[in-house]
J.: 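Provided herewith is a single structure, encoded as structure tokens, for subsequent inquiry.
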Amino acid sequence: MSELQSMYNVEVQRVDAAHRQLLIQPGQEGVDLIGWVAEHRDWIVSELHQAGGILFRDFTVPSIDYFEQVSQALTPTLEEYKERSTPRSEVQGKIYTSTEYPADQFIPLHNENSYTHAWPLKIWFHCAINARTGGETPIADSREVYARISPQIRERFADKKLMYVRNVGGGIDLPWQTVFQTDSREEVNAYCKKVQIEVEWLGEDRLRTRSVRGAIAKHPATWELLWFNQAHLFHVSSLPEELRDYMVAAIGEENLPRNVYYGDGSPIEQSILDEIRGVYDETMLVFPWQQGDIVLLDNMLNAHGRNPYTGDRKVVVAMAEPWNQYGL
């Protein structure tokens with residue numbers, strides 16, 4: 001495929017000359033994105049495996065219902081948000097709000113659900129209302145992140161793996177009922193046993209979990225090695241220093257809402273996590289949202305985050321095609 005071409009009434013080019021992601025725009029008025037996606041599913045999937053992300057811009061997207069139909073034209077079955085770690089609201093069906101964190105907070109780049117035993121291979125975003133300032137969804141190619149992280153760190157993470165520790169409920173984090181989408185402790189116990197999550201009940205409303213997961217993944221279609229974990233996001237060092245010190249002093253490190261260690265329980269050096277964060281900063285692509293934009297990401301090939309913003313912002317999300325390389 002050339003850097004710029006016309007294909008069946010759309011124009012295809014790179015979002016940015018330095019990055020792989022594609023920008024697709026209508027080549028004429030009246031192109032129906034739902035029909036175009038349905039007609040070119042194989043081409044889109046093939047290009048997505050190369051580019052990692054596709055931005056559909058300047059198409060008429062009149063509603064969230066239309067966005068849902070676009071996503072289902074390529075990925076007919078959308079997925080529920082499972083093992084939740086951040087607050088979201090269901091908009092309709094399996095369309096969710098983006099993470100409901102305060103507008104002044106930066107959300108570090110991450111691959112959705114890479115801390116779990118299973119994750120969506122594809123994730124869709126739609127900008128229904130653009131922020132007055134900021135609010136971009138920066139992305140970073142997981143292949144490039146892997147390549148830039150020093151071999152010594154890659155080897156250490158691959159060998160040791162990661163232990164994610166969460167304390168949920170009790171007013172500290174999301175209620176365990178929200179995390180696991182059930183009111184039954186027995187169902188939580190059964191689910192966690194199935195997917196190899198260690199469970200420790202600390203009362204009626206508090207639950208501590210520990211799960212050992214990989215840090216490096218291989219893409220099921222391209223077979224490329226990827227940096228695929230949330231160590232830099234879960235680790236206590238991701239908090240502002242003043243808040244971190246206050247929380248550790250007030251409730252103790254073992255009671256933090258979330259933290260991460262090497263798979264054997266030993267601490268991860270902050271200097272290593274800072275290097276990883278630096279690689280994300282070096283590789284990220286930031287593009288301003290336009291109202292009506294739709295972005296399709298291969299969730300393993302691209303990490304995403306959120307920049308702080310002002311004004312109203314409404315970006316909705318859909319996830320599809322669950323993948324489980326652990327065999328759980």
J.: Is a donor from one side chain sitting under 3.5 angstrom from an acceptor on the other, for Ser89 and Glu100?
T.: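 Yes, side-chain donor-acceptor contact under 3.5 Å.
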
J.: Would you say Asp16 has more than 12 foreign heavy atoms packed within less than 6.0 Å of its CG?
T.: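 Result for CG/Asp16: enclosed.
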
J.: Salt-bridged, Lys94 to Glu80, with N to O below 4.0 Å?
T.: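 Between Glu80 and Lys94 there is no salt bridge, as every charged N stays at least 4.0 Å from the carboxylate O atoms.
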
J.: Please work out which of the three classes, parallel, tilted or perpendicular, describes the rings of Phe234 and Tyr115, given edges at 30° and 60°.
T.: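 Tilted, since the angle between the ring planes falls between 30° and 60°.
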
J.: Could you tell me if the side chain of Ile268 sits less than 4.5 Å from the side chain of Val260, heavy atoms only?
T.: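 Sidechains of Ile268 and Val260: in contact.
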
J.: From Gln25 CD over to Phe59 CZ, what is the distance, rounded to the nearest 0.5 angstrom?
T.: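 Going from CD on Gln25 over to CZ on Phe59, the span is 8.0 Å.
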
J.: Decide side chain to side chain donor-acceptor pair (under 3.5 Å) for Asn307 and Glu136; before the verdict, give the C-alpha distance in whole Å, the side-chain angles of both, and the deciding distance to 0.1 Å.
T.: CA-CA 5 Å; Asn307 282 341; Glu136 301 92 349; 3.0 Å; yes

J.: Is the NZ or CZ atom of Arg313 positioned over Tyr309's six-membered ring, under 6.0 angstrom from the centre and within 45° of the axis?
T.: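 Checked: cation-pi criterion met.
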
J.: Shared ILVMFWY cluster between Phe287 and Leu301, side chains joined below 4.5 angstrom?
T.: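 Per the 4.5 Å side-chain linkage, Phe287 and Leu301 are not co-clustered.
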
J.: Any side-chain hydrogen bond (donor to acceptor under 3.5 Å, both in side chains) involving residues 216-226? Give me the pairs, sequence neighbours left out, ordered by first then second residue.
T.: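 Listed by first then second residue: Arg143-Glu224, His219-Asp298, Thr222-Glu224.
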
J.: With a 4.5 Å cut-off on side-chain heavy atoms, are Ile216 and Leu226 touching?
T.: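 A side-chain contact is absent here, since even the closest heavy-atom pair is not under 4.5 Å.
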
J.: How are the rings of His304 and His110 set relative to one another: parallel (under 30°), tilted (30 to 60°) or perpendicular (over 60°)?
T.: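 Tilted.
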
J.: When you compare the side chains of Asp65 and Ser63, does any donor N or O come within less than 3.5 Å of an acceptor on the partner?
T.: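 Result is no, nothing qualifies.
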
J.: If Ile, Leu, Val, Met, Phe, Trp and Tyr residues are connected whenever their side-chain heavy atoms lie under 4.5 Å apart, and connections chain through other members, are Leu78 and Val317 in the same group?
T.: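 No: no chain of side-chain contacts under 4.5 Å links Leu78 to Val317.
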
J.: Between Ser237 and Arg277, do the side chains contain a donor N or O and an acceptor N or O under 3.5 Å apart?
T.: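 Ser237 and Arg277 do have a side-chain donor-acceptor pair below 3.5 Å.
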
J.: Is there a path from Ile139 to Phe56 through hydrophobic residues (I, L, V, M, F, W, Y) whose side chains come within less than 4.5 Å of each other?
T.: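 The answer is no; the residues belong to distinct hydrophobic clusters.
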
J.: If hydrophobic clusters are built by linking Ile, Leu, Val, Met, Phe, Trp and Tyr wherever their side-chain heavy atoms come under 4.5 Å apart, do Val10 and Val295 end up in the same one?
T.: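 As far as the 4.5 Å side-chain criterion goes, Val295 and Val10 are not connected within one cluster.
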
J.: Less than 4.0 Å between a side-chain N and a carboxylate O, is that true for Lys122 and Glu79?
T.: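 Lys122 and Glu79: not salt-bridged.
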
J.: Do we see a donor-acceptor contact under 3.5 Å between the side chains of Arg306 and Gln105?
T.: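 Side chains of Arg306 and Gln105: no pair found under 3.5 Å.
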
J.: Does a donor on one side chain and an acceptor on the other come within less than 3.5 Å for Thr182 and Trp176?
T.: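 Not at all, the side chains of Thr182 and Trp176 share no donor-acceptor pair under 3.5 Å.
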
J.: Decide, yes or no, whether a salt bridge links Asp141 with Arg20 under the criterion of side-chain N to carboxylate O below 4.0 Å.
T.: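 Yes, this pair counts.
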
J.: Check the surroundings of atom CZ in Phe106: do more than 12 heavy atoms from other residues, nucleotides or ligands lie under 6.0 Å from it?
T.: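 Enclosed: over 12 neighbouring heavy atoms sit under 6.0 Å from CZ of Phe106.
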
J.: If I take atom OG from residue Ser142 and atom OH from residue Tyr280, how far apart are they, to the nearest 0.5 angstrom?
T.: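 Separation between the atoms: 6.0 Å.
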
J.: Looking at Tyr146, Trp119, Phe157, Trp323, which hits ring pair (Phe, Tyr, Trp, His ring centres under 6.0 Å) with Phe228?
T.: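 That would be Trp119; it is the only one of Tyr146, Trp119, Phe157, Trp323 passing the ring pair (Phe, Tyr, Trp, His ring centres under 6.0 Å) with Phe228.
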
J.: Got a second to check how far Arg258's CZ is from Thr86's OG1, nearest 0.5 Å?
T.: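 Nearest 0.5 Å value for the CZ-OG1 distance: 7.5 Å.
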
J.: Between His235 and Ala231 (side chain of the first, backbone of the second, donor and acceptor by atom type, cut-off under 3.5 Å), is there such a pair?
T.: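 Not confirmed, His235 side chain does not pair with Ala231 backbone.
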
J.: Counting neighbours of CD on Glu254 that are heavy atoms of other residues, nucleotides or ligands and sit closer than 6.0 Å, is the number greater than 12?
T.: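 Atom CD in Glu254 is packed in, count exceeds 12.
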
J.: Are the side chain of Asn299 and the backbone N or O of Glu112 linked by a donor-acceptor pair below 3.5 Å?
T.: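 Confirmed, Asn299 side chain pairs with Glu112 backbone.
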
J.: Side chains of Tyr191 and Glu83 only: does a donor on one sit below 3.5 Å from an acceptor on the other?
T.: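 Yes, Glu83 and Tyr191 have a side-chain donor paired with an acceptor closer than 3.5 Å.
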
J.: Answer yes or no: is there a side-chain heavy-atom contact under 4.5 Å between Asn111 and Trp227?
T.: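 Not in contact.
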
J.: Run the salt-bridge test on Arg166 and Asp173 with the 4.0 Å N-O cut-off and return the result as yes or no.
T.: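 So Arg166 pairs with Asp173 through a salt bridge.
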
J.: Is any NZ, NE, NH1 or NH2 atom of the basic residue among Glu204 and Arg185 found under 4.0 Å from an Asp or Glu carboxylate oxygen of the other?
T.: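 Salt bridge: yes.
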
